[in-house]
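First comes the structure, then the notes that go with it.
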Number of protein chains: 2
Amino acid sequence: MPGTPEEREESLDVIQRELTAFARRARAAAARLHPELPLVSYTLLAHIEDQHGCRATDLAAHYMLDKSTVSRQIGTLEKLGLVERHPDPDDHRIQVLHPTAAGTQALASTQASRRMAYQERLADWTEEDLARFAEYLLRYNSAGDTATATPQPPKA
Amino acid sequence: MPGTPEEREESLDVIQRELTAFARRARAAAARLHPELPLVSYTLLAHIEDQHGCRATDLAAHYMLDKSTVSRQIGTLEKLGLVERHPDPDDHRIQVLHPTAAGTQALASTQASRRMAYQERLADWTEEDLARFAEYLLRYNSAGDTATATPQPPKA
DNA sequence: TTAACTCGTTGTACTATACAACTGAAAATC
DNA sequence: GATTTTCAGTTGTATAGTACAACGAGTTAA
């Protein structure tokens, strides 16, 4: 059904506008959802777990952050007892990061409350729509990886 | 095809993860896209134009920001000569905000570069997928409006 | 005419961030 | 094998963005 260039433009504008609006609200929403765990740290911690351990540099690349930023975030997480650093025996420059037990647990509980919020918000979506939306987001984000950021091994 | 609760869960998790990843990258991406216009200010300016003038309070509600934050952002925009404040004749508490000519122009040029970036990024999507993605985002965001933020007249 | 509320500003503090300069370790080059 | 280059991470410094609290001025309700 769709096909004219105008419709394409229109869709692009909507996508741009809505993604921006989402991004702008995300911080506040996240702060409400889990005030206990510093927002950014949470994200990094999640990625560390997702990867079953990774380096600070990987985090920086994945989230387009400066290494100094990551360094400080990791420092915070460590102070909170949520991550551990294990020096790589083969390369002493590298610190392999892992969630501690407390980190894993904090993540789980946060994840649970997030999941609930999303469930509620998307309650009246059909499975088909959810699946498609998820697929679109994956596609959108992975396009960004190759286009703008440091090349990155496909996320798992 | 989809239908099991497990698939639904899975989709929700993907949506959650990918939206979060997007939000975390958005700042950096926006900074690259238009370093000249302070990121947040840009967003507010865009909303002001979209609404054909609005109050600071409206902006705060729409983006879930504190009024002090908005106040300072508007101050910045004013210093840059991109917005004007017109006191409402009927209610002296209210300042109606409008983009200046320079503001409109800055917005247009920024919008153009953003549109280009999106075009490139989504170049290989079909019109149909774009339309559906746009629709999903709209639906997702509008759900958020009613669920989490101050009630808000449907955005235009 | 007070009291309560609304819109916006200012003081203060904190988080997240970048950039640049640096340290220590590994790899590459000679 | 010594020197240079590159890589991983930290620390100093500066800045944006944000919230919360206290306030000022205007409006509405008692």
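In what follows, every chain begins at residue 1, and chains take the letters A, B, ... in the order their sequences are listed.
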Atom [atom1] of [X] and atom [atom2] of [N]: how far apart are they, to the nearest Å?
X: A:Tyr42; N: C:dA16; atom1: OH; atom2: P; value: 14 Å
X: B:Gln73; N: C:dT9; atom1: CD; atom2: P; value: 12 Å
X: B:Tyr63; N: D:dG17; atom1: OH; atom2: P; value: 14 Å
X: A:Asp88; N: C:dA26; atom1: CG; atom2: C1'; value: 12 Å
X: A:Arg27; N: D:dA19; atom1: CZ; atom2: C1'; value: 10 Å
X: A:Leu65; N: C:dT15; atom1: CG; atom2: P; value: 17 Å

> Is the backbone of B:Glu7 close enough, under 3.5 Å, to the side chain of B:Ser11 for a donor and an acceptor to pair up by distance?
Replying inline: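 Yes; at least one donor-acceptor contact below 3.5 Å.
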
>> Is there a path of hydrophobic side-chain contacts, each under 4.5 Å between heavy atoms, that joins A:Tyr140 and A:Tyr118?
In response: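 As far as the 4.5 Å side-chain criterion goes, A:Tyr118 and A:Tyr140 are connected within one cluster.
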
>> On DNA chain C, does the nearest nucleotide to A:His92 precede the nearest nucleotide to B:Ala28 from the 5' side, or the other way round? Give the residue.
In response: B:Ala28

>> Which heavy atom of B:Val83 sits nearest to which heavy atom of B:Thr100, and what is that distance?
In response: C-CG2, 3.7 Å

> Reading nucleotides 3-13 of chain D 5' to 3', which nucleotides get B (base under 4.0 Å from a protein heavy atom), which S (sugar-phosphate only), which -?
Replying inline: ----BSBBBBB

>> Taking CD in A:Gln119 as the centre, count heavy atoms belonging to other residues, nucleotides or ligands within less than 6.0 Å. Is the count above 12?
In response: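 Counting other residues, nucleotides and ligands, CD of A:Gln119 exceeds 12 neighbours.
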
> Can you say whether the rings of A:Tyr63 and A:His47 are parallel (under 30°), tilted (30 to 60°) or perpendicular (over 60°)?
Replying inline: perpendicular

> Centres of the B:Tyr136 and A:Trp125 rings: under 6.0 Å?
Replying inline: yes

> Is A:Arg24 near enough to D:dT18 that one of its side-chain N or O atoms lies under 4.0 angstrom from OP1 or OP2?
Replying inline: yes

